[in-house]
Amino acid sequence: MVSEKLYEAILLSLDEREEWRMENGGKGGWIFEDVEAYVEQINAPESFEEKASFTADVSFLSAVRLEAQPEEVMFRADGFVFETQWDPEQGIGEWKISSIY
């Protein structure tokens with residue numbers, strides 16, 4: 001679902017999160033109370049007669065609480081670029097996350 005470069009970044013962040021979790025016990029989860037998605041931009045091929053790629057930039061705005069500090073509400077803005085392939089015979093392919101901003 002993600003590119004190899006992005007997968008490496010995810011693994012690195014998981015290592016950092018694991019260290020935090022070891023210090024704070026099992027209260028490392030996030031409680032998402034409200035999430036809204038906004039499509040910022042879609043890049044479609046100029047012609048649908050040939051194979052091409054689609055990308056979509058999507059921002060997610062959310063209110064979250066840490067399980068370790070449930071009384072504190074934080075607001076997040078996370079952006080993802082999704083990508084898929086277009087094939088004139090098979091249509092649109094599976095969407096994958098290609099980057100996070």
Side-chain angles (χ1 to χ4, degrees):
M1 294 258 338
V2 298
S3 68
E4 188 173 322
K5 194 174 191 179
L6 182 58
Y7 182 70
E8 291 173 12
I10 291 169
L11 288 179
L12 180 62
S13 70
L14 288 175
D15 288 344
E16 293 170 358
R17 187 172 187 282
E18 181 65 18
E19 182 179 324
W20 184 91
R21 192 181 68 75
M22 294 299 284
E23 292 173 3
N24 293 282
K27 295 186 177 182
W30 291 28
I31 303 164
F32 284 83
E33 295 183 349
D34 187 28
V35 179
E36 296 182 22
Y38 297 92
V39 176
E40 301 286 341
Q41 179 176 343
I42 295 177
N43 294 311
E46 290 185 22
S47 168
F48 291 97
E49 303 298 320
E50 301 175 8
K51 290 184 178 182
S53 66
F54 271 92
T55 60
D57 297 9
V58 181
S59 293
F60 293 90
L61 305 178
S62 56
V64 297
R65 298 175 189 269
L66 292 175
E67 284 182 339
Q69 299 170 316
E71 66 284 347
E72 184 177 332
V73 176
M74 296 180 292
F75 298 95
R76 295 179 51 98
D78 299 293
F80 293 82
V81 177
F82 294 89
E83 185 173 1
T84 189
Q85 298 301 311
W86 166 259
D87 183 303
E89 295 177 14
Q90 297 181 10
I92 200 161
E94 181 179 324
W95 288 92
K96 297 180 180 181
I97 298 170
S98 61
S99 66
I100 299 174
Y101 59 93

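All residue numbers refer to positions in the sequence shown, counting from 1.
- In this structure, Glu49 places its CD atom where only 12 or fewer heavy-atom neighbours from other residues, nucleotides or ligands lie under 6.0 Å away.
- Distance check, rounded to the nearest 0.5 Å: CD1 of Ile42 to CD of Glu40 gives 11.0 Å.
- Side-chain atoms of Asn43 and Gln41 include a donor-acceptor pair closer than 3.5 Å.
- Annotation for Ala52 and Pro45: closest pair CB-CB, 3.4 Å, computed over non-hydrogen atoms.
- In plain terms, the two heavy atoms of Tyr101 and Phe80 that are nearest each other are CE2-N, 3.5 Å.
- Both Val64 and Ile100 are members of a single hydrophobic cluster when ILVMFWY side chains are connected at heavy-atom separations under 4.5 Å.
- Across Thr84 and Glu94, no two heavy atoms sit closer than the pair OG1-O, 3.2 Å.
- The minimum heavy-atom distance between Phe48 and Ala44, with the atom names listed, is CZ-CB, 4.5 Å.
- From Glu83, atom CD reaches atom CD1 of Ile97 across 12.0 Å, with rounding to the nearest 0.5 Å.
- Shown here for Trp30 and Leu66, the closest heavy-atom pair between the two residues is NE1-CD2, 3.2 Å.
- Remark: Asp57 CG to Ser98 OG distance equals 8.0 Å, nearest 0.5 Å.
- Shown here for Asp78 and Arg76, the closest heavy-atom pair between the two residues is OD1-NH2, 2.6 Å.
- Put simply, the side chain of Phe54 reaches to within 4.5 Å of the side chain of Trp95, judged on heavy atoms.
- Here CE of Met74 is found 9.5 Å from CD1 of Ile31. Values are rounded to the nearest 0.5 Å.
- Remark: Glu89 CD to Lys51 NZ distance equals 7.5 Å, nearest 0.5 Å.
- Rounding to the nearest 0.5 angstrom, the gap separating the CZ atom in Phe75 from the OG atom in Ser62 is 9.5 Å.
- When the side chains of ILVMFWY residues are joined at heavy-atom separations under 4.5 Å, either directly or via intervening members, Phe82 and Val39 end up in a single hydrophobic cluster.
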